[in-house]
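Before any comments, here is the structure.
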Amino acid sequence: MLRNRRSPAAILSLSIVLAGCGGSTEEPTSAEVPETTAPTTTSAPTTTTTEPPPVDTAPAEEAAEEAASTSGEPLDMAVHLREKTMHLWDVYNTHDPDALKIFYSDSYWEEEKESLRANMQPFINQNLTFTAEETSPPTEIAPGRWETKHTARFPGGLVNMVFIYEEFDGTWLLTFAKPQ
């Protein structure tokens with residue numbers, strides 16, 4: 001029995017501690033707990049950690065891409081498309097418009113490649129790059145269609161983009177990429 005009308009929070013805390021230690025959650029009797037018990041403290045052992053050496057993550061990323069394209073689980077797909085879209089910005093910042101073809105469905109690439117080259121030219125001329133951030137996470141907007149939104153900042157401005165991905169032969173490709 002608790003003396004001095006201790007709060008229910010103290011009872012709950014003790015119950016949790018006892019349960020974690022394998023003890024009973026029932027209230028102890030006066031015979032089980034001495035009336036005057038001094039609190040004891042123990043110090044946790046200290047450990048040191050070392051940083052692991054850098055690891056080549058390319059094989060892991062390829063495996064994750066394959067798994068994401070076949071698993072169909074929303075969380076995996078969102079992660080996959082998030083990484084793919086950030087990779088698109090990295091490739092865009094190389095100023096090589098033809099390298100972007102891997103992100104587009106064939107028909108959409110044919111439709112957009114000249115416009116993309118023209119839009120990239122000022123960035124090439126001034127050697128400008130984008131710093132992109134996701135403003136809306138990848139979301140399935142229709143069966144087999146996912147949308148994500150990004151804001152990309154560059155010296156002197158920004159662009160808000162909408163990207164829509166669809167699956168083609170196990171690979172998720174852009175079928176829409178336009179300023180919002």
Side-chain angles (χ1 to χ4, degrees), residues 12 16 19-20 44 46-180:
L12 179 61
I16 292 171
T46 58
T47 58
T48 58
T49 59
T50 58
E51 220 173 283
V55 177
D56 179 13
T57 59
E61 289 172 2
E62 290 171 6
E65 183 172 329
E66 287 178 27
S69 68
T70 59
S71 74
E73 293 182 22
L75 182 58
D76 290 341
M77 187 56 61
V79 169
H80 171 70
L81 294 177
R82 176 177 287 130
E83 291 171 356
K84 187 171 189 112
T85 307
M86 292 309 289
H87 185 226
L88 176 135
W89 289 112
D90 291 339
V91 171
Y92 194 94
N93 284 335
T94 68
H95 302 125
D96 180 3
D98 293 326
L100 292 169
K101 182 179 181 179
I102 64 169
F103 295 97
Y104 289 78
S105 69
D106 290 339
S107 62
Y108 191 58
W109 173 254
E110 289 303 317
E111 182 182 318
E112 293 295 314
K113 68 182 176 184
E114 293 308 317
S115 174
L116 183 63
R117 287 183 176 126
N119 290 338
M120 189 181 280
Q121 196 58 50
F123 294 91
I124 294 170
N125 294 343
Q126 297 178 32
N127 197 29
L128 299 176
T129 59
F130 286 102
T131 303
E133 69 177 301
E134 181 179 89
T135 55
S136 175
T139 306
E140 190 171 28
I141 57 173
R145 293 188 77 195
W146 286 70
E147 176 186 83
T148 186
K149 297 177 183 178
H150 282 220
T151 295
R153 299 180 194 295
F154 56 93
L158 64 84
V159 62
N160 293 309
M161 294 290 296
V162 175
F163 299 101
I164 296 180
Y165 289 92
E166 293 183 51
E167 187 177 17
F168 295 88
D169 297 323
T171 303
W172 288 85
L173 300 170
L174 288 171
T175 58
F176 183 88
K178 298 283 184 193
Q180 194 174 21

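Because the structure is predicted, anything quoted here is derived from the model rather than measured.
For N127, the side chain to side chain contact (heavy atoms under 4.5 Å, CB included) partners at least two apart in sequence or on another chain are H95. Applying the side chain to side chain contact (heavy atoms under 4.5 Å, CB included) criterion to K149, with sequence neighbours excluded, gives T135, S136, E147, V162, Q180. Listed by chain and residue number, nothing satisfies the side chain to side chain contact (heavy atoms under 4.5 Å, CB included) test with P143 (two or more places apart in sequence, or in another chain). Q121 meets the side chain to side chain contact (heavy atoms under 4.5 Å, CB included) test with I124, N125; sequence neighbours excluded.
Side-chain contact check for F103 versus F163: every heavy-atom pair is 4.5 Å or farther apart. Annotation: side chain of F168 is not in contact with side chain of D106 (no heavy-atom distance under 4.5 Å). With contacts defined as side-chain heavy-atom distances shorter than 4.5 Å, the pair P97/K113 does not qualify. Side chains of N93 and F123 form no contact here, defined as non-hydrogen atoms less than 4.5 Å apart. Contact of the W109 side chain with the L173 side chain is not registered, since no non-hydrogen atoms from C-beta on lie closer than 4.5 Å.
Within 6.0 Å of atom NZ in K101, 12 or fewer heavy atoms from other residues, nucleotides or ligands are found, so the atom counts as exposed in its surroundings.
Inspection of the Y165 and T85 side chains reveals an N or O donor paired with an N or O acceptor under 3.5 Å.
Taking both residues in full, the closest heavy atoms of Y104 and L116 are given as OH-CD2, 4.0 Å, listed atom of the first, atom of the second, then distance. Smallest separation of non-hydrogen atoms from A78 and P138: O-CG, 3.4 Å. Closest approach of A132 and H150 over heavy atoms only: CB-ND1, 4.3 Å. Contact between P137 and T148 at its shortest, heavy atoms only, is C-OG1, 3.9 Å.
In this structure, L158 CG and T131 OG1 are separated by 11.5 Å, a value rounded to the nearest 0.5 Å. To the nearest 0.5 Å, the span separating CD1 on I164 from OG1 on T139 amounts to 11.0 Å. Here T94 contributes atom OG1 and L100 contributes atom CG; the two are 6.5 Å apart, rounded to the nearest 0.5 Å. Between the CE atom in M77 and the CH2 atom in W146 there is a gap of 6.5 Å [rounded to 0.5 Å].
Aromatic rings from W89 and F130 are positioned such that their centres are separated by under 6.0 Å.
Under the salt bridge (Lys or Arg N to Asp or Glu O under 4.0 Å) criterion, the residue pairs touching residues 169-180 are E112-K178, with sequence neighbours excluded. Under the salt bridge (Lys or Arg N to Asp or Glu O under 4.0 Å) criterion, the residue pairs touching residues 151-166 are E133-R153, R145-E166, with sequence neighbours excluded.
By the 30° and 60° cut-offs, the orientation of the rings of Y108 relative to F176 is parallel.
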